[in-house]
S.K.: 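Below are the structure tokens for one structure; questions will follow.
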Amino acid sequence: MVNLKSLAEEELAGFVRSLGLPAYRTRQLLHWIYEKRALSLQEMTVLPKALRERLSRAAYIGNLTLLDRSISADGAEKFLFGLDDGEAVETVLIPEGSRTTICVSSQVGCAMNCRFCLTGRGGFVRDLKAHEIVDQVIAVQRLCAPRAVTNIVFMGTGEPLKNLSNVIEAVRRMNGLLKISRRRITVSTSGVVPEIDRLAGMSPSVNLAVSLNAATDELRSLLMPVNRRYPIRSLISACRRYPLEPRRRITFEYILFDGLNDSKRDAQRLVGLLRGIPSKLNLIPFNPYDGAEFRRPADGKVEAFRDMIQSRGITAVVRKSRGRDILAACGQLRGGQSPREHPVCMSETTSCRAAL
Ligand code: SAH
Ligand code: SF4
């Protein structure tokens, strides 16, 4: 039995041909799976009953299982989805005015071991397959209809560039089948330099975000082991090589840790690094969790840091971390945690708004 969602577009076309069916059946299947978000072949009433039965003998539509759903006071929502092999993955929905962003996970857990990140704590479990990434979007869209998803960020659990082939295939399907513009898709990396170059050569091209977090190798290596292999200079060179279309910028993420990387000297160094790169700096005050060894700077310090950067000509915004109360904010996703006990039916279509 084949899960139709696990097939790339050409593979699905091959499958349809192998059954001796005309090519337009492929288009119908794609439309029902990705645009109408059908949960089963039985729902595809456009297909004659006999054909649905014939298809059901060879194939099915696999779906993520919704295991848990929490809603933050600020409107962000966190979903825990069960996968076929019993693993689970988290996805976050962030409504902001007319924009609705989904933050997807690319791996179960993460192997990069950044010192400040809760995701890294649980270790690495496995890569997600392309359809498991895309399915997070399909499932959240379904749960939140009629709200339409406008933006995708690969900022959930995992290091997307360590699972690049699946991430690229997922981006292709989000773009081509879910009709989300590639300009509204952002892949975030901790700085795996050779893979940034590979991503640069891939189609469709997407926005790049780099989790910089420190302006010296000494501190960055302490915070992010990846820096020992690919130090700041090589990372910044890869960013300079990254092909940008006119008016596009690379996003740099910089967590502010109290007393560690939030001084005037740090701001100056940071500006020095980014000089000449079309960039936008996202400042993320550290999101604490139980047992964290870092502190979040006071709001005044955060604003002062932003102003120091802005006054030197670089766009810097303080990113409001959404969903902190439900541990859905940056770095608070656990990933790979064992699923909770009460599965909720996926066909439930409560609107996020109504649920608030
Ligand atoms: N692995 C990729 C994608 C995850 S993005 C990457 O690291 O870029 C998750 C973002 O949250 C990263 O920018 C990371 O630096 C940030 N982050 C991790 N832990 C955090 C914490 N406790 N508080 C604030 N931001 C955090
Ligand atoms: Fe992994 Fe990113 Fe967390 Fe580092 S910050 S451990 S790369 S998810």
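Just so you know, ligand 1 is whichever comes first in the structure, and atom 1 is the first atom listed for that ligand.
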S.K.: With heavy-atom distances below 4.0 Å as the criterion, list the atoms of ligand 1 near Glu159.
M.R.: 1 (N), 2 (C)

S.K.: Under a 3.5 Å threshold, yes or no: a donor from one side chain and an acceptor from the other, between Glu77 and Ser70?
M.R.: no

S.K.: Under 3.5 Å, is there a donor on one side chain and an acceptor on the other for Asn207 and Arg248?
M.R.: yes

S.K.: Would you call Arg17-Glu10 a salt bridge at under 4.0 Å N-O?
M.R.: no

S.K.: Which atoms of ligand 1 sit under 4.0 Å from any heavy atom of Gly156?
M.R.: 4 (C)

S.K.: Say whether Thr315 and Arg249, considering side chains only, have a donor N or O and an acceptor N or O under 3.5 Å apart.
M.R.: yes

S.K.: Closer than 4.0 Å to some heavy atom of Ser211 - which atoms of ligand 1 meet that?
M.R.: 6 (C), 7 (O), 8 (O), 12 (C), 13 (O), 15 (O)

S.K.: What atoms in ligand 1 come closer than 4.0 Å to a heavy atom of Thr189?
M.R.: 6 (C), 8 (O)

S.K.: Examine all N, O or S atoms of Cys110, backbone included, and report whether one is under 2.8 Å from atom 4 (Fe) of ligand 2.
M.R.: no

S.K.: Of the side chain and backbone of Val210, name the one, both, or neither that has a heavy atom under 4.0 Å from an atom of ligand 1.
M.R.: neither

S.K.: Below 4.0 angstrom from a heavy atom of Ser190, which ligand 2 atoms are there? Numbered from 1 as shown, please.
M.R.: 7 (S)

S.K.: Could you tell me if Asn166 and Asp127 have a donor-acceptor pair between their side chains, going purely by distance under 3.5 Å?
M.R.: no

S.K.: For ligand 1, which atoms have a heavy atom of Glu253 less than 4.0 angstrom away?
M.R.: 13 (O)

S.K.: Need the ligand 1 atom indices (1-based, order shown) with element for anything under 4.0 Å from a heavy-atom of Gly158.
M.R.: 1 (N), 2 (C), 3 (C)

S.K.: Could you check whether Arg126 pairs with Asp85 (Lys NZ or Arg NE/NH1/NH2 to Asp/Glu carboxylate O, under 4.0 Å)?
M.R.: yes

S.K.: Pairs of nitrogen or oxygen atoms closer than 3.5 Å, one from Tyr289 and one from ligand 1: do any exist?
M.R.: no

S.K.: Using modelled atom types and a 3.5 Å cut-off, is there a donor and acceptor pairing between side-chain atoms of Glu303 and backbone atoms of Gly300?
M.R.: no

S.K.: In this structure, is the centre-to-centre distance between the rings of Phe257 and Phe116 below 6.0 Å?
M.R.: yes

S.K.: Would you mind listing which atoms of ligand 1 come within a distance below 4.0 Å of any non-hydrogen atom of Ile284?
M.R.: 24 (C), 25 (N)

S.K.: Does either side chain, that of Arg269 or that of Thr216, offer a donor lying less than 3.5 Å from an acceptor on the other one?
M.R.: no

S.K.: In terms of atom number and element, which parts of ligand 1 are under 4.0 angstrom from non-hydrogen atoms of Phe154?
M.R.: 3 (C)

S.K.: Please could you name the atoms of ligand 2 that Cys114 approaches to less than 4.0 Å, counting only its heavy atoms?
M.R.: 4 (Fe), 5 (S), 6 (S), 7 (S)

